[in-house]
Amino acid sequence: MQKNRLAWMIGGPQGSGINASAEVFAKACSRAGLRVYANIEYHSNIMGKHSFYRVRVDDEDVRSYKEKTDILVALDHETLVGDGDQRRWPTHYGHLHEVSDGGGVIFDSEIGYEPSADRTGVRFYPVPFMEIIKAALAEVGKGDQARRYEVMKNTVALGASLALCEYPFDLVAEVILGQFRGKRSEIGQLNVRAAKLAFDHVRDNFDAKAFPYRLQPAADRKPRILAKGYEIIAIAKLRAGCAFQTYYPISPATDESVYLERHQRDQNLLVVQCEDEISSINMAVGAAHMGVRSATATSGPGFALMVEGIGFSSITEAPGPVITMYQRGGPSTGLPTRQEQGDLQFVLHPAQGDFPHVVIAPGDLRECYQDVFSAFNWAEQFQLPVIVLPDKKLAAIYTTIDKLELKYDKLERGKTFTGSEWTPDEAKGNDLVAQDGHVGDGHRPGEGANEYLRYALTKDGISPRSRPGTPGGRFWSTSDEHDPDGHITEGVEMRIAMMHKRMGKLSLLSKTIPKDQQLALHGPETADVTVVAWGSTKGTILDAMRILEDEDKKVNFLQCRLMKPFPAEDVERILRAAKHLMLLEENYSGQLGSLIAEHTGVRIEDKVLKFDGRPFSEDEVLAALRARLDGIAKEGTDVVMTNVR
């Protein structure tokens with residue numbers, strides 16, 4: 001009997017309510033003191049296509065999904081066997097083969113499925129979903145309206161699942177009722193009743209006590225946060241004082257902006273849905289110049305339209321914006337609702353020419369919270385755009401967090417001109433024209449005169465910024481190369497000075513950003529295999545390492561987090577001390593590996609790559625690591641992993 005370690009999955013056509021039932025289940029488990037990791041896979045079509053939601057529950061922290069599920073709930077035939085009978089080239093083969101030994105399959109008895117004899121060790125539980133819905137409606141005089149309430153199949157499925165794993169029904173009922181308040185409370189009561197009838201049906205008609213997986217509330221019910229990734233990112237923006245957010249709808253970034261829209265009235269925030277991404281970036285740059293903390297959110301195709309605006313932000317030394325760039329499968333429209341780490345090289349070089357900007361790739365929701373908050377500080381301190389690089393997986397996961405806190409929580413607004421911080425003579429660039437007998441055009445003020453130059457050539461390259469309307473702080477700004485006063489110039493000396501001024505910010509950033517936000521070495525200092533990875537693969541790798549640690553196998557993990565400026569010296573030191581390096585990425589070419597080779601000269605030949613639009617599972621990472629620990633994998637061989645069976 002396995003207790004409080006359960007993998008649950010519900011599948012069905014999009015629009016059938018699988019999201020609602022999975023999230024109710026996750027919330028009920030979280031409130032009972034259990035830890036939850038849930039993720040959804042869905043098509044870019046709005047309705048009808050197959051989608052499924054996994055919920056992994058455990059007493060210990062879980063940060064990834066497993067290939068096997070202990071309870072599979074099927075709202076339709078396709079969830080069980082796939083779409084091979086409908087398509088020339090199947091997109092999936094169903095989830096029946098993913099059910100663990102001793103696991104259970106709950107399915108609608110009306111879908112016409114006959115359990116296969118070749119799936120021995122799996123228990124099947126046909127449940128009459130519509131009959132149960134009719135019975136619940138009949139109790140309130142609506143028995144003839146069952147088809148109107150067909151979406152309640154998801155609640156019936158949830159109730160049946162609770163009976164199998166003996167989870168207290170009242171905990172889930174409480175969550176369901178909390179979803180339907182006010183005028184919708186009657187709907188909530190109907191859902192609870194349908195779920196209870198399904199719960200009783202399974203107990204009365206099957207030997208539920210023989211099911212080998214149990215789920216019970218934790219003895220110590222510690223309060224935890226249960227949230228989705230895009231919510232944490234949005235909250236971090238609010239915590240940082242973001243006052244202006246732009247966006248154009250695009251998956252998977254839209255959810256963040258919609259969340260902020262719902263809260264803007266209470267948070268001194270303005271969210272603008274623009275006509276396109278070009279407007280989004282330019283409005284955000286303009287707002288940054290006006291002195292407010294500004295941001296935008298997009299995904300790969302939208303970011304492609306923002307590149308000139310990002311260069312504009314950098315050359316005008318705008319204090320932002322902060323750009324959350326949610327990666328998804330590419331190129332072009334690609335896989336709009338699927339996972340990929342395919343945009344690293346793109347965001348490192350998004351516009352023409354050399355210009356400074358920051359790229360940071362958080363690995364989990366705690367890091368998302370810190371990195372987004374810090375991004376606003378860096379944007380204003382160093383007057384440049386900052387790109388935070390999450391992905392579809394981080395955006396969509398629904399997981400428990402023990403505590404949401406900031407290690408670096410101070411607001412840093414950088415250098416500002418308030419009306420008296422006059423530019424010192426040595427920062428005015430006068431020496432650049434006082435050559436070969438020339439002394440300039442004769443129109444500059446005399447030595448020691450009070451003068452504000454927005455792009456003054458300061459020692460550290462950071463010149464105080466002025467908010468429009470500040471007395472004495474008027475300045476010109478242009479996307480052309482310019483002089484300290486902001487006027488266009490094509491002079492050689494001034495061009496060189498301005499390039500050094502802007503690009504020098506990167507070395508200053510390297511010294512300012514805390515080391516633990518740049519990279520981390522997880523696990524023992526020395527190991528037989530060192531995994532090199534970035535972004536949302538972090539949790540999956542750590543889950544696999546925990547299992548291997550129990551087997552006395554030594555693996556560590558170099559997590560690269562700050563991508564620009566890249567911490568080359570620290571990364572190289574760790575890599576050259578490693579016994580065996582394994583690069584693990586969710587893209588085709590191993591983009592982090594290319595970045596590392598560029599900056600350190602270290603080429604990682606052993607690559608484990610995944611680019612099928614689905615994130616790595618714990619089992620896949622375990623298999624890759626065990627192959628190397630057992631000496632099976634060959635050096636220099638790229639291993640491509642896929643979820644397709």
Side-chain angles (χ1 to χ4, degrees), residues 278 281-282 284-291 306-321 349-358 379-386 414-417 419 421-509 565:
I278 298 173
I281 186 64
N282 287 327
V285 173
H289 274 300
M290 288 301 296
M306 293 185 173
V307 294
E308 187 174 1
I310 293 168
F312 170 61
S313 167
S314 192
I315 198 170
T316 59
E317 301 189 51
H349 311 283
Q352 68 273 27
D354 293 314
F355 65 92
H357 66 295
V358 176
E380 292 193 323
Q381 284 178 281
F382 299 96
Q383 300 170 21
L384 41 62
V386 179
K415 296 181 183 179
T416 57
F417 177 81
E421 297 83 0
W422 306 112
T423 302
D425 288 336
E426 62 270 19
K428 295 179 180 179
N430 295 336
D431 57 319
L432 296 179
V433 295
Q435 298 181 22
D436 300 325
H438 297 284
V439 292
D441 61 9
H443 295 295
R444 67 175 186 266
E447 295 293 327
N450 289 344
E451 183 181 17
Y452 170 67
L453 298 180
R454 172 63 183 86
Y455 303 104
L457 298 169
T458 59
K459 289 181 180 180
D460 62 3
I462 313 296
S463 43
R465 57 189 175 90
S466 171
R467 183 172 181 171
T470 303
R474 184 182 66 176
F475 66 93
W476 287 262
S477 189
T478 173
S479 60
D480 289 65
E481 190 56 275
H482 45 264
D483 57 29
D485 205 16
H487 289 113
I488 295 173
T489 182
E490 296 183 9
V492 172
E493 293 83 6
M494 191 59 72
R495 164 65 171 179
I496 293 172
M498 284 295 171
M499 283 296 292
H500 282 307
K501 166 181 163 55
R502 291 191 295 268
M503 297 304 293
K505 296 176 183 180
L506 293 176
S507 60
L508 191 58
L509 272 157

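Remember, it's a predicted structure, so these values are computed and weren't measured experimentally.
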*Just by modelled atom types, is the Gly504 backbone N or O under 3.5 Å from a matching donor or acceptor in the Ser507 side chain?*
yes
_As a quick check of understanding, evaluate side-chain contact (heavy atoms from CB on, under 4.5 Å) for Asp354 and Met499, giving each step before the final call._
CA-CA 9 Å; Asp354 293 314; Met499 283 296 292; 4.1 Å; yes
*asked:* Can you give me the closest heavy-atom contact between Phe475 and Ser477, atom names plus distance?
replied: CE1-CB, 4.0 Å
*How long is the gap from CD on Glu481 to OH on Tyr455, to the nearest 0.5 Å?*
10.5 Å
*asked:* Donor-acceptor check, side chain of Tyr452 to backbone of Ser466, threshold 3.5 angstrom: yes or no?
replied: yes
*Do Phe355 and Ile315 have side chains that get closer than 4.5 Å, going by heavy atoms?*
no
*Taking the side chain from Thr423 and the backbone from Leu453, do they hold a donor-acceptor pair closer than 3.5 Å?*
yes
*asked:* Are Ile462 and Gln381 packed together at the side-chain level, in the sense that at least one heavy-atom pair is separated by less than 4.5 angstrom?
replied: no
Tabulate below the donor-acceptor pairs under 3.5 Å that side-chain atoms of residues 483-492 make, not counting sequence neighbours, or state none.
from	atom 1	to	atom 2	distance (Å)
Asp483	OD1	Asp485	N	3.0
Asp483	OD1	Gly486	N	3.1
Asp483	OD1	His487	N	3.0
Thr489	OG1	Gly491	N	3.1

*Only one of His289, Glu380, Glu317 clears side chain to side chain contact (heavy atoms under 4.5 Å, CB included) with Arg465; which?*
Glu380
*What are the two closest non-hydrogen atoms of Gln383 and Lys415, and how far apart are they?*
NE2-O, 4.1 Å
*What are the two closest heavy atoms between Pro319 and Ala288, and how far apart are they?*
CG-O, 3.2 Å
*At their closest point, which heavy atom of Gly309 faces which heavy atom of Asn282, and how far apart are they?*
CA-OD1, 3.8 Å
*Could you tell me whether the side chain of Trp476 reaches within less than 4.5 Å of the side chain of His482, counting heavy atoms only?*
no
*Taking atom NZ of Lys505 and atom NE2 of His500, what is their separation to the nearest 0.5 Å?*
15.0 Å
*Which heavy-atom pair separates Leu457 from Met498 by the least distance, and what is that distance?*
CD2-CE, 3.9 Å
*Closest heavy-atom contact between Pro356 and Leu384?*
O-CB, 3.9 Å
*asked:* Test your reading of the model: is there a side-chain donor-acceptor pair from Ser463 to the backbone of Arg454, 3.5 Å cut-off?
replied: yes
*asked:* Check this for me: Glu421, atom CD, are more than 12 non-hydrogen atoms of other residues, nucleotides or ligands nearer than 6.0 Å?
replied: yes
